[in-house]
Amino acid sequence: MGREWNCVGDGIYQRKGVSDFSLRQIYESGQAFRFKEVREDTFLVVHQQHWAIVSEQGDTITLQNTTLQECEDVWNRYFDLERDYHTLKQSFLGLDDYLDKAISFGEGLRILNQDIFEMIITFIISANNHIPRIKNSITKICEFAGTPIGEYDGEVIYAFPKAEQIQKLSQEQWDGIKLGYREKYIKKTVDMIVNQEIDIAQLPSLDTLEAQKELMKLSGVGEKVADCILLFSMAKYDAFPMDTWMKKVMQRYYPDESMGNIRRVRSLGVELFGSFAGIAQQYLFYYEREQSKRRK
DNA sequence: CTCCAGGTCAAAG
DNA sequence: CTTTGACATGGA
């Protein structure tokens, strides 16, 4: 190991042989709100205190503003580059016609390993909200409370703020973030985390249902938001977020089993797709949403 | 104008 | 334990 990344310039590293990977699909699949397309097919990606300019050329991905150590210690895990998605997708094929189509459509999707606290705040904001609005709110939270970690193309790059930094926001800043009724949820949740009422660092060591139960103690975190947090920051692939899109999918294709009961549909998903149901869910979510866009 | 968005919460049956 | 309505905001 350790020979995956090659230096091809000052702060520029490449990794070859990365198949089943599409930055655009990952970006548009509703899991990452801190990608910014700085030019055609090139993205500024921020993760914790790290940032990089990321692009892909066939099976090669290129990162700028990084180091070998950062590639190995941070970006490999963030982009889930060590996982064999080809084999994973093979294991899904033939289970279900609609999933087969969804996988072929979203062939470059991956589940990112993002920061736990960031996912908690992000998906509280996501509840009953539009994706562009979610992204705007998150951008403002970072600008108002986050630590500057760099600059690119004349613009300052901010880390996602820590809980303690969010506590210091003024009311005018809160108003500017436009969270609506979710503002009080975030305030409460941030207080609970600072006061150690729940220890989020310890969540990954719990099994999925226990971790979900813990997360749901937080204000604004219900079953679906908890599942998103588990899936996108803790690699808990047996979490199966049931949102409005998945309800449409499941009720259209499995009307008998679902009968409108969300919790029953969720367990059906896990029953159908097993311990990687959450990844299957992401293919279904992306496919359904893109199909809906194209109908317009 | 009304409807809806990667739902959650509190009240009530 | 399940069902119901309110909830901020802005774009379609």
Distance-only donor-acceptor pairs under 3.5 Å for side chains of residues 119-131 of chain A, two or more places apart:
| from | atom 1 | to | atom 2 | distance (Å) |
| --- | --- | --- | --- | --- |
| A:Thr122 | OG1 | A:Glu118 | O | 2.7 |
| A:Ser126 | OG | A:Phe123 | O | 2.8 |
| A:Asn129 | OD1 | A:Arg133 | NE | 3.1 |
| A:Asn129 | ND2 | A:Ile125 | O | 3.0 |

- Query: Parallel under 30°, tilted from 30 to 60°, perpendicular over 60°: which one fits the rings of A:Phe43 and A:Tyr27?
  - Reply: tilted
What residues 271-285 of chain A contributes to the DNA chain C interface at heavy-atom separation below 4.0 Å is none
Here the residues of residues 97-121 of chain A within 4.0 Å heavy-atom distance, strictly under, of DNA chain C are none
Measure the distance from [atom1] on [X] to [atom2] on [N] and round it to the nearest whole Å.
| X | N | atom1 | atom2 | value |
| --- | --- | --- | --- | --- |
| A:Ile186 | C:dT9 | CD1 | P | 14 Å |
| A:Ile134 | C:dG10 | CD1 | P | 15 Å |
| A:Leu179 | C:dC7 | CG | C1' | 14 Å |
| A:Asp175 | C:dT9 | CG | C1' | 13 Å |

The residue among A:Leu169, A:Ile138, A:Ile166 that forms side chain to side chain contact (heavy atoms under 4.5 Å, CB included) with A:Ile177 is A:Leu169
Between the protein and nucleotides 2-5 of chain B, which nitrogen or oxygen pairs are less than 3.5 angstrom apart?
| from | atom 1 | to | atom 2 | distance (Å) |
| --- | --- | --- | --- | --- |
| B:dA5 | O4' | A:His130 | NE2 | 3.1 |
| B:dA5 | O3' | A:Asn129 | O | 2.7 |
| B:dA5 | N7 | A:Asn128 | OD1 | 3.0 |
| B:dA5 | N3 | A:His130 | ND1 | 2.9 |

Nearest heavy-atom approach of A:Ala277 to A:Gly269 is CB-O, 3.9 Å
Heavy atoms of A:Leu68 and A:Tyr13 approach each other most closely as N-CZ, 3.4 Å
Using atom types as modelled, flag every donor-acceptor pair under 3.5 Å from a side chain in residues 222-236 of chain A to any protein atom, sequence neighbours excluded.
| from | atom 1 | to | atom 2 | distance (Å) |
| --- | --- | --- | --- | --- |
| A:Glu223 | OE2 | A:Arg263 | NE | 3.2 |
| A:Glu223 | OE2 | A:Arg263 | NH2 | 3.1 |
| A:Asp227 | OD1 | A:Gln212 | NE2 | 3.2 |
| A:Asp227 | OD1 | A:Arg266 | NH2 | 2.9 |
| A:Asp227 | OD2 | A:Arg266 | NE | 2.8 |
| A:Asp227 | OD2 | A:Arg266 | NH2 | 3.0 |
| A:Ser233 | OG | A:Ile229 | O | 2.7 |
| A:Lys236 | NZ | A:Pro204 | O | 2.7 |
| A:Lys236 | NZ | A:Leu206 | O | 2.6 |

Euclidean distance for [atom1], [N] against [M] (whole angstrom):
| N | M | atom1 | answer |
| --- | --- | --- | --- |
| C:dA6 | B:dT2 | P | 15 Å |
| C:dG11 | B:dC1 | C1' | 14 Å |
| B:dC3 | C:dG5 | P | 15 Å |
| C:dG10 | B:dT8 | P | 22 Å |

Students should find that the hydrophobic cluster of A:Trp245, defined by side-chain heavy atoms under 4.5 Å apart, otherwise consists of A:Phe285
Across all chains, not counting sequence neighbours, the ring pair (Phe, Tyr, Trp, His ring centres under 6.0 Å) partners of A:His47 are A:Tyr78
(message) Side-chain N or O of A:Lys184 versus OP1/OP2 of C:dA8: is the shortest distance under 4.0 Å?
(response) yes
Does any pair with a residue in [range] pass side-chain hydrogen bond (donor to acceptor under 3.5 Å, both in side chains), and if so which ones, sequence neighbours excluded?
| range | answer |
| --- | --- |
| residues 271-287 of chain A | A:Ser29-A:Gln282 |
| residues 149-163 of chain A | A:Lys36-A:Glu155, A:Arg39-A:Tyr152 |
| residues 54-63 of chain A | A:Gln14-A:Thr62, A:Ser55-A:Gln57, A:Gln57-A:Thr62 |

- Query: Contact class for A:Phe33 (heavy atom, under 4.0 Å): base, sugar-phosphate, or nothing?
  - Reply: nothing
Worksheet item: What does A:Ser29 touch in the nucleic acid at a heavy-atom separation under 4.0 angstrom: a base, only the sugar-phosphate, or nothing?
Response: base
Handout entry: Side-chain heavy-atom pair A:Val54, A:Phe79 within 4.5 angstrom cut-off
Key = yes
- Message: Do A:Asp207 and A:Asp238 make a side-chain contact, defined as non-hydrogen atoms from C-beta onward lying under 4.5 Å apart?
- Response: no
Quick tally for nucleotides 8-13 of chain B: nucleotides whose base has a protein heavy atom under 4.0 Å get B, sugar-phosphate-only ones S, the rest -, giving SS----
Check residues 97-113 of chain A and write down every donor-acceptor pair under 3.5 Å in which the side-chain atom is one partner and the other belongs to a residue at least two apart or another chain.
| from | atom 1 | to | atom 2 | distance (Å) |
| --- | --- | --- | --- | --- |
| A:Tyr98 | OH | A:Glu288 | OE1 | 2.5 |
| A:Asp100 | OD1 | A:Gly94 | N | 3.1 |
| A:Asp100 | OD2 | A:Gly94 | N | 3.4 |
| A:Arg110 | NE | A:Asp20 | O | 3.0 |
| A:Arg110 | NH1 | A:Asp80 | O | 2.7 |
| A:Arg110 | NH2 | A:Ser19 | O | 2.9 |
| A:Asn113 | ND2 | A:Arg77 | O | 2.9 |

